[in-house]
**Student:** 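First, the structure itself, so that you have it in front of you.
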Amino acid sequence: LGQVGKEGSGKVDPELLRFKQRTQRDKEQCLRYCFSPTARPLLLHSSFTPPNPPPACPLCGAPRHFEFQVMPQLLFFLKAEEEGRGGEKELEMEWGK
């Protein structure tokens, strides 16, 4: 994983390290499924805050929890690029900010 996740202080960001270790298992993974009530999404950086727990189901009142995550690798497979002003390719969507 090398220099990935090192900030100015030289420390590796723990969330990015967790993200990289998990995605190393399957680099083409586009969707993550996990039905455990204790599951949480993979974050790209510890400065990102996970979304608040979603509200209860409006139909039955059951609590909701994390079940799946769309991964940034999906951009590659969607070929989500467009021409920039200078002729360079730019991503049409940005996931992970």
Side-chain angles (χ1 to χ4, degrees):
L1 299 174
Q3 298 292 320
V4 174
K6 289 197 175 183
E7 299 174 8
S9 65
K11 294 181 181 178
V12 176
D13 180 64
E15 288 295 332
L16 181 59
L17 183 60
R18 180 175 169 258
F19 180 90
K20 293 296 290 178
Q21 288 172 336
R22 178 64 73 161
T23 57
Q24 285 290 90
R25 295 178 188 174
D26 185 2
K27 295 178 184 179
E28 295 182 357
Q29 180 182 17
C30 295
L31 294 173
R32 286 185 62 235
Y33 287 90
C34 187
F35 298 107
S36 168
T38 60
R40 63 185 183 105
L42 291 175
L43 303 176
L44 292 175
H45 197 275
S46 57
S47 66
F48 302 140
T49 56
N52 292 328
C57 174
L59 299 176
C60 69
R64 295 181 188 173
H65 56 84
F66 169 77
E67 290 183 5
F68 76 95
Q69 178 177 6
V70 178
M71 302 296 286
Q73 292 84 328
L74 184 59
L75 291 174
F76 172 78
F77 294 106
L78 292 176
K79 308 215 183 305
E81 294 181 347
E82 63 180 20
E83 289 291 322
R85 290 185 194 148
E88 71 279 356
K89 298 263 184 188
E90 292 181 351
L91 287 178
E92 189 174 314
M93 295 177 274
E94 176 60 54
W95 296 353
K97 280 191 174 183

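What you see is a predicted model; the values in this text were computed from it and never measured.
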**Student:** To the nearest 0.5 angstrom, please state how far the CG atom of L16 sits from the OG atom of S47.
**Tutor:**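 Here the interatomic distance stands at 10.5 Å.
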**Student:** Residues two or more places apart in sequence or in another chain: which of them pass side-chain contact (heavy atoms from CB on, under 4.5 Å) with L59?
**Tutor:** C57
**Student:** If only atom types and distance count, is the side chain of Q69 paired as donor or acceptor with the main-chain N or O of L42 below 3.5 Å?
**Tutor:**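 Indeed, once roles are kept as given, a pair shorter than 3.5 Å links the two residues.
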**Student:** Calculate, to the nearest 0.5 Å, the distance between atoms CD and CG belonging to Q73 and D26 respectively.
**Tutor:**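 CG of D26 is found 8.5 Å from CD of Q73.
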**Student:** Do E67 and H65 have side chains that approach each other closer than 4.5 Å (heavy atoms only, starting at C-beta)?
**Tutor:** yes
**Student:** Do the ring planes of F48 and H45 sit parallel (below 30°), tilted (30 to 60°) or perpendicular (above 60°)?
**Tutor:** perpendicular
**Student:** Search all heavy atoms of A56 against all heavy atoms of G61 and return the closest pair with its distance.
**Tutor:** CB-O, 3.6 Å
**Student:** Quick check on the hydrophobic clustering: are L43 and F66 connected, directly or via other members, by side-chain heavy-atom contacts under 4.5 Å?
**Tutor:** no
**Student:** Roughly how far, to the nearest 0.5 Å, is the CG atom of L44 from the NZ atom of K20?
**Tutor:** 9.5 Å
**Student:** Between CG of L74 and CG of L31, what distance do you get to the nearest 0.5 Å?
**Tutor:** 7.0 Å
**Student:** Let's go through R22 and M71 carefully: what are the C-alpha distance in whole Å and the side-chain angles of both, what is the deciding distance for side chain to side chain contact (heavy atoms under 4.5 Å, CB included) to 0.1 Å, and is it a yes or a no?
**Tutor:** CA-CA 12 Å; R22 178 64 73 161; M71 302 296 286; over 6 Å; no
**Student:** Taking all non-hydrogen atoms of both residues, which atom of R32 and which atom of R40 are closest, and how far apart?
**Tutor:**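 Closest approach of R32 to R40, heavy atoms only: NH1-O, 3.8 Å.
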